[in-house]
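Reading through the C-alpha cells given below for one structure.
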Amino acid sequence: MSSKKRSWAEPYKIKSVELIKMTTLEQRKAALAEAGYNTFLLKSEDVYIDLLTDSGTNAMSDYQWAGMMLGDEAYAGSKNYYNLEKAVQKYYGYKYLVPTHQGRGAENLISRVLIKPGDFVPGNMYFTTTRAHQELAGGTFVDVIIDEAHDPSSLHPFKGNVDLNKLQALIDKVGAKKIPYITIGATVNLAGGQPISLENLRAVRALCLKHGIKVVLDATRAMENAYFIQQREKGYADKSLAEILFETCSYSDAATMSGKKDLLVNIGGFLAVNDWDIFEEARNLVVLFEGLHTYGGLAGRDMEAMARGIEEAIQQDHMQARIGQVEYVGEKLIELGIPIVRPIGGHAVFLDAKAFLPQLKQLEFPAQTLAAELYLESGIRSMERGVVSAGRNKAGEHNMPKLELVRLTFPRRVYTQAHCDVLVESVESLYSRRHEIHGLKMIYEPKYLRFFQARFEPLK
Ligand code: PM9
C-alpha cells in the first residue's frame with residue numbers, strides 16, 4: 001500500500017450556487033475608506049472571498065433545508081425544540097437545554113446565573129463576547145492558558161491546554177469561593193483555533209472538583225476539537241468523533257454553544273446544563289432576553305436545522321474535509337515562508353501580523369492594517385484578532401495581547417480549492433510588498449466590543 005498522503009475532498013456535491021463578483025482596485029479603495037478601514041464595516045456585496053468568519057456563514061445541506069420546511073412555528077413547545085433537545089442530549093450528553101439566538105445569548109445567561117460582583121473567572125484565553133458578559137456580570141477574567149498558546153511559532157499539539165499551576169495560583173490568591181467556574185474553550189479561537197487535550201481537561205476537572213469550582217465548556221467548536229484529539233492524542237485514534245465529543249462534555253457541568261460554527265447553521269445557539277437549579281434560573285432569565293424557554297429567540301425551523309446539523313457535523317468525512325481545507329491553505333503558506341500561527345488551527349489560518357509587518361508598532365494596528373491591505377489586494381475579507389479585538393482593561397488602557405493576528409476563517413462547505421489557491425496567491429503577493437505597508441490610526445472607538453465598529457485612517 002502506498003504511504004503517500006491522500007488528498008482531502010468534499011463529501012458533498014454542489015446543488016445551488018450564489019454568484020459573487022470581483023471588484024476593481026479603485027472600487028475596493030473607495031469601499032475600504034467608506035468602511036473606516038474596518039473589514040466588519042464593508043458591504044458583503046463588495047467582497048470577493050469572504051473569510052471574515054466561520055460564524056453563521058455555513059452552507060446548509062438539502063437535509064437541513066428540508067428540515068426548515070418542517071418548522072413547527074408554535075410559540076410554545078415546538079416539535080423542533082424537542083428534536084434539538086434529543087440531539088443535544090445524545091451527542092453532548094447534558095440533561096437540560098435552553099436554546100438561545102446565538103452563543104452570546106447563552107454566555108449572558110450563564111454569566112448572570114453564576115457570577116457575583118467581585119468574582120474571578122479563569123479561562124484558557126479570553127474570547128471577546130464571553131469575557132464581555134463575564135465583566136458585565138461583575139466578574140474579572142483571568143487567563144490561565146499555557147504560555148505556548150501566546151507564541152505563534154510553538155508547535156505544541158494542544159496549545160489550548162490550561163496551565164494547572166496558573167489555575168492553582170489563582171485559587172491560592174483569591175480563594176475558590178470567589179471562582180464560580182472556569183471557562184474552557186474547545187478549540188481556542190484567539191490562540192489560533194488550537195485544541196485542548198482530554199488529558200488536560202481531566203486534570204482541570206479534578207482540580208476544580210476538589211475546590212468546588214464548576215467547569216463551563218465553550219462547545220462552539222468542540223467537534224473540531226474532537227477531531228484534533230482523535231488525530232493527536234494517545235489512545236483516541238480509534239474512537240469516533242461522537243465518542244470523543246461525549247467524553248469532552250462529561251468533564252464539564254455546562255456548555256455554551258454558538259451553533260453558527262460547528263453545527264452548520266446560519267443562526268442559533270444554546271446553553272446546556274446538568275444541574276437543575278442552574279437550568280431553572282437560566283430558564284427564568286431566558287424569557288427576559290431571548291424568548292420562551294422552548295425557542296430562545298429561534299424559529300422552529302432554525303432549531304430543526306441545528307438538530308440536523310449536529311448529526312452531519314459529527315461525521316468523520318465532513319470533519320476531515322473541513323479541517324483538510326484549512327490545512328491545505330496553511331501548508332501552502334508555510335511552504336512560501338509566510339508567518340502563520342502553528343500548528344494550523346481548526347477553523348482558520350491565522351497570519352502572524354507582527355512578523356508579517358515588523359515595521360509597525362502594536363498601536364499602529366498591524367493586524368487591522370494587514371486585513372485592510374488583503375482586502376485591497378484582492379477583495380478577500382479577513383478579521384483582525386489583535387489589539388483592537390483585545391479592547392481596554394478596567395483602567396481604560398489598551399490590553400496589549402502577545403498575538404497580533406489576521407484570521408482567514410473558512411465558512412463550512414462554501415469555498416472550493418480554487419478559491420483557496422486564489423487566497424494563497426493573494427497573500428503571497430501582499431507578502432512581497434509588505435515593506436511598503438504603513439499602519440493605521442483609530443479615529444472612532446465604540447464602548448463595547450470595539451473591533452466590530454471602530455474606524456481607522458491610514459497613517460500615511
Ligand atoms: N465567534 C467568530 O467570528 C463571531 C463573531 S466575533 C465575536 O469567531 C466562541 C469561541 C466564538 C464565538 C463567536 C462565540 C459567540 C462564543 N465563543 O457569535 O454569539 O468563536 O454566536 O458566539 C465569532 P455568537
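Note that ligands are numbered from 1 as they come in the structure, with each ligand's atoms numbered from 1 the same way.
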Next item on the list: Could you tell me whether the side chain of Arg301 and the main chain of Met68 form a donor-acceptor pair under 3.5 Å?
Entry: no
Check: Do Phe451 and Phe40 have ring centres separated by under 6.0 Å?
Finding: yes
Item checked: atom 12 (C) of ligand 1 [closest protein heavy-atom partner, distance rounded to 0.1 Å] -> Phe127 CE2, 3.2 Å
Margin query: Below 30° counts as parallel, above 60° as perpendicular, anything between as tilted: where do the rings of Tyr92 and Tyr94 land?
Written below: parallel
Next item on the list: State whether the number of non-hydrogen atoms from other residues, nucleotides or ligands found under 6.0 Å of Gln417 atom CD is greater than 12.
Entry: yes
Next item on the list: Can you pull out the closest protein heavy atom to atom 24 (P) of ligand 1? Residue, atom name and distance to 0.1 Å, please.
Entry: Gln102 NE2, 3.3 Å
Check: Got a sec: does the CD of Glu199 have more than 12 other heavy atoms crowding it under 6.0 Å?
Finding: no
Notebook entry, point to check: Could an N or O of ligand 1 be found under 3.5 Å from any N or O of Thr129, whether backbone or side chain?
Noted result: no
Margin query: Distance under 4.0 Å to a non-hydrogen atom of Lys260: what atoms of ligand 1 satisfy this?
Written below: 21 (O)
Margin query: Which of the numbered atoms in ligand 1 are under 4.0 angstrom from any heavy atom belonging to Thr53?
Written below: 2 (C), 3 (O)
Check: Looking at ligand 1, does any of its N/O atoms fall within less than 3.5 Å of an N/O of Thr128?
Finding: no
Item checked: Cationic N near anionic O, under 4.0 Å, Arg450 to Glu445 -> yes
Note to self: Taking 4.0 angstrom as the limit and counting only heavy atoms of Met383, give me the atoms of ligand 1 inside it, by number and element.
What the structure shows: 3 (O)
Next item on the list: Output the list of atoms in ligand 1 that are nearer than 4.0 Å to some heavy atom of Phe452, sorted by atom number.
Entry: 7 (C)
Margin query: Would the distance check show the side chain of Asp262 and the main-chain N or O of Ala222 forming a donor-acceptor pair, the cut-off being under 3.5 Å?
Written below: yes
Notebook entry, point to check: To which protein heavy atom is atom 21 (O) of ligand 1 closest, and what is the distance rounded to 0.1 Å?
Noted result: Ser258 OG, 2.6 Å
Margin query: Does any N or O of ligand 1 fall below 3.5 Å from an N or O anywhere on Arg221, backbone included?
Written below: yes
Note to self: When you compare ligand 1 with Gly103, is there at least one nitrogen or oxygen pair between them that comes in under 3.5 angstrom?
What the structure shows: yes
Note to self: How far is atom 16 (C) of ligand 1 from the closest protein heavy atom, and which atom is that?
What the structure shows: Glu107 OE2, 3.1 Å
Next item on the list: For residues Phe410 and Tyr328, establish whether the separation of their ring centroids is below 6.0 Å.
Entry: no
Check: Numbering the atoms of ligand 1 from 1, which are under 4.0 Å from a heavy atom of Asp218?
Finding: 9 (C), 10 (C), 16 (C), 17 (N)
Note to self: Using a 3.5 Å cut-off on N or O atoms only, is Asp54 in polar contact with ligand 1?
What the structure shows: no
Check: Do Tyr295 and Tyr75 have ring centres separated by under 6.0 Å?
Finding: yes
Margin query: Out of all atoms in ligand 1, which are within 4.0 Å of some heavy atom of Arg104? Include the element for each.
Written below: 18 (O), 19 (O), 22 (O), 24 (P)
Notebook entry, point to check: Just distances here: any N/O of Arg407 and N/O of ligand 1 closer than 3.5 Å?
Noted result: yes
Check: Measuring from the heavy atoms of Lys261, does anything fall under 4.0 Å of ligand 1?
Finding: yes
Note to self: Please give me the minimum heavy-atom distance between Ala31 and Tyr375, naming the atom from each residue.
What the structure shows: CB-OH, 3.7 Å
Next item on the list: Check each atom of ligand 1 against the heavy atoms of Ser55 and keep those under 4.0 Å away; list them by number with element.
Entry: 4 (C)
Check: Knowing that exactly one of Arg131, Lys166, His150 qualifies, which makes a side-chain hydrogen bond (donor to acceptor under 3.5 Å, both in side chains) with Asp143?
Finding: His150
Check: Is the backbone N or O of Ser197 less than 3.5 Å from a side-chain atom of Asn161, with the two atoms forming a donor-acceptor pair by type?
Finding: yes
Notebook entry, point to check: Just heavy atoms, cut-off under 4.0 Å: does His347 contact ligand 1 by side chain, backbone, both, or neither?
Noted result: neither
